[in-house]
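Residue numbers count from 1 along this sequence. All heavy atoms count here, side chains included; hydrogens, waters and symmetry mates do not.
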Amino acid sequence: HLENQAYFKALYYFKESEKLHPGYPYVHTNMGYILFKMDDLEGAYEEYRLALEYGSDPEWLSTVAQTLGTMAYQMHDDPTEAIEYLQQSL
């Protein structure tokens, strides 16, 4: 239970940070990770998608795209969507 409380607290602060710096991709990646750890997979997927949309560092975006590709395949059972994200990671 302490771990969940820490995730809720961290998520709160990242949401506050996003209000101060809208479109900052690293905030969305961190929120995606926290939501993933909290078993909110759809929420995590959306945050990673926003991170990919707002990001500009090609190396970092490659990692985010790989994560989205894996999630698309495992969560949505959608190989086409997964391939699209994985191709972005190249």
Side-chain angles (χ1 to χ4, degrees):
H1 298 329
L2 290 175
E3 187 175 345
N4 277 343
Q5 288 177 348
Y7 288 140
F8 278 113
K9 188 174 184 179
L11 189 59
Y12 168 80
Y13 285 113
F14 279 118
K15 286 181 177 184
E16 290 298 307
S17 178
E18 202 276 330
K19 289 178 189 175
L20 296 172
H21 308 283
Y24 189 64
Y26 302 105
V27 169
H28 291 285
T29 302
N30 288 316
M31 286 195 294
Y33 178 75
I34 292 166
L35 291 167
F36 181 84
K37 296 295 283 182
M38 295 172 69
D39 290 325
D40 180 356
L41 301 181
E42 287 298 332
Y45 184 84
E46 180 61 20
E47 292 300 332
Y48 283 124
R49 194 194 62 70
L50 288 170
L52 188 65
E53 180 181 325
Y54 296 138
S56 60
D57 175 8
E59 204 169 303
W60 176 79
L61 289 174
S62 175
T63 302
V64 175
Q66 287 174 16
T67 301
L68 280 166
T70 301
M71 291 180 81
Y73 185 74
Q74 292 178 346
M75 291 170 40
H76 302 150
D77 194 27
D78 187 343
T80 302
E81 181 183 16
I83 289 169
E84 288 174 10
Y85 282 122
L86 293 172
Q87 285 176 334
Q88 289 182 44
S89 73
L90 301 177

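Atom-to-atom distance recorded for Leu61:CG and Leu68:CG is 10.5 Å, nearest 0.5 angstrom. Atom OG1 of residue Thr63 and atom CG of residue Asp57 lie 9.0 Å apart, to the nearest 0.5 angstrom. Distance CD1/Ile34 to NZ/Lys9: 12.5 Å, rounded to 0.5 Å. Taking OG1 from Thr70 and OH from Tyr48, the interatomic distance works out to 10.5 Å, rounded to the nearest 0.5 Å. Atom CD in Gln87 sits 7.5 Å away from atom CD in Glu84 (nearest 0.5 Å). A distance of 10.0 Å separates CD in Gln88 from CG in Leu90, rounded to the nearest 0.5 Å.
Heavy-atom neighbours of Tyr33 OH from other residues, nucleotides or ligands within 6.0 Å: at or below the threshold of 12. The number of heavy-atom neighbours closer than 6.0 Å to CZ of Phe36, taken from other residues, nucleotides and ligands shown, is 12 or below.
We find that Glu18 and Lys15 are not joined by a salt bridge, their nearest charged nitrogen and carboxylate oxygen being 4.0 Å or further apart.
Transitive grouping of hydrophobic side chains (ILVMFWY, heavy atoms separated by less than 4.5 Å) brings Leu52 and Leu41 into a common cluster. Criterion: ILVMFWY side-chain heavy atoms under 4.5 Å apart, direct or through other members. Under it, Tyr24 and Leu50 are not part of a common hydrophobic cluster.
Tyr85 pairs with exactly one of Arg49, Gln66, Met71 by the side chain to side chain contact (heavy atoms under 4.5 Å, CB included) rule, that one being Arg49.
Between Val27 and His21, the closest side-chain pair of non-hydrogen atoms is not below 4.5 Å. Residues Tyr73 and Thr80 fail the side-chain proximity criterion, which asks for heavy atoms closer than 4.5 Å.
Between Pro79 and Asp77, the closest heavy-atom pair is CD-O, 3.4 Å. Of all heavy-atom pairs spanning Ala82 and Gly69, the tightest one is CB-O, 3.3 Å.
The backbone N or O of Tyr13 sits nowhere less than 3.5 Å from a side-chain atom of Ser17 that would complete a donor-acceptor pair. A donor-acceptor pair is defined here as one N or O able to donate and one able to accept, closer than 3.5 Å; no such pair exists between the side chain of Ser89 and the backbone of Ser62.
Between His28 and Tyr54, the ring planes lie tilted relative to each other; the angle falls in the 30° to 60° range.
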Next on the checklist: Checking Glu47 against Thr29 for the side-chain contact (heavy atoms from CB on, under 4.5 Å) test, could you report, in this order, the C-alpha distance in whole Å, the side-chain angles of both residues, the deciding distance, and whether it holds?
Outcome noted: CA-CA 6 Å; Glu47 292 300 332; Thr29 302; over 6 Å; no
